[in-house]
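Comments concern the structure below.
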Amino acid sequence: RTPTSLIVAVLFGITLTGCHPKIDTMAEAEKVFVKMADKTASKLELNQDQKILLEKLKLDLRNNFQEGRIEKKEAMLKIKEEGAKEAANIEKMTSLLQGSFREGTQRINRGFDLMLDFQKNLNDDQKKKLSKMISDWVAKWD
């Protein structure tokens, strides 16, 4: 009985934390990705066509993370519904929570894919500058 109670308590705590309005991981990821795209692009001297593609990239990033927020809310609602049942299915709740975390990771990976895809629009000088910026950033990781 104790392990089941512990699992329910942990799931409940994670659900509350995940649903807390101040902790919206998809919104935070969106802000970081859009800010990173803007900050990096500002240093690359983009031409007008590239600036248009940058705006499309930011729109795609926002759409990606908005879809992630919707998926997360739906998963949390299903977990809450299951948890409210008299005989809640803990395996189902755990599976839904794991799926939500996997989806969140996939959304972040999609954000990186979108940014990498944008790189194809850069000229050789811009690509070299971007590589240098990334190398300098990674060098600070110590």
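Since the model is a prediction, treat every value here as computed from it, not as a measurement.
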Rounded to the nearest 0.5 Å, how far apart are [atom1] of [X] and [atom2] of [Y]?
| X | Y | atom1 | atom2 | value |
| --- | --- | --- | --- | --- |
| Leu57 | Leu53 | CG | CG | 9.0 Å |
| Arg110 | Asp117 | CZ | CG | 8.0 Å |
| Lys132 | Lys43 | NZ | NZ | 11.5 Å |
| Leu116 | Asn109 | CG | CG | 10.5 Å |
| Ile52 | Asn47 | CD1 | CG | 9.0 Å |
| Ser95 | Asn89 | OG | CG | 9.0 Å |

Return yes if some donor-acceptor pair links the side-chain N/O of [X] with the main-chain N/O of [Y] below 3.5 Å, else return no.
| X | Y | result |
| --- | --- | --- |
| Ser131 | Lys127 | yes |
| Glu74 | Glu71 | no |
| Thr40 | Ala37 | no |
| Glu82 | Lys92 | no |

Linking I/L/V/M/F/W/Y whenever any side-chain heavy atoms sit under 4.5 Å apart, do [X] and [Y] land together?
| X | Y | value |
| --- | --- | --- |
| Met26 | Val32 | yes |
| Leu59 | Ile70 | no |
| Phe118 | Trp137 | yes |

Using the rule given for side chain to side chain contact (heavy atoms under 4.5 Å, CB included), can you reason through Met115 versus Met36, listing the C-alpha separation, both sets of side-chain angles and the distance that settles it, and then say yes or no?
CA-CA 10 Å; Met115 293 186 76; Met36 188 179 357; 4.1 Å; yes

Answer yes or no: does atom CG of Asp124 have more than 12 heavy-atom neighbours from other residues, nucleotides or ligands under 6.0 Å?
no

Indicate yes or no: at least one non-hydrogen side-chain atom of [X] is less than 4.5 angstrom from one of [Y].
| X | Y | value |
| --- | --- | --- |
| Phe33 | Leu114 | no |
| Gln126 | Gln119 | no |
| Leu122 | Leu46 | yes |
| Glu45 | Asp125 | no |

Considering non-hydrogen atoms only, spot the tightest contact between [X] and [Y] and give its length.
| X | Y | value |
| --- | --- | --- |
| Met76 | Ser100 | CE-OG, 3.6 Å |
| Phe65 | Ala29 | CE2-CB, 3.6 Å |
| Met133 | Leu44 | SD-CD2, 4.2 Å |

Under the criterion salt bridge (charged side-chain N to carboxylate O under 4.0 Å, His left out), I'd like the reasoning laid out for Lys31 against Glu28: C-alpha separation, chi angles, the key distance, then a yes or no.
CA-CA 5 Å; Lys31 287 179 194 173; Glu28 290 303 312; 3.5 Å; yes

Sort and list the pairs that fulfil side-chain hydrogen bond (donor to acceptor under 3.5 Å, both in side chains) and have at least one residue in residues 53-66, not counting sequence neighbours.
Asp38-Lys58, Glu55-Lys58, Lys56-Asp60, Asn64-Arg107, Gln66-Arg69

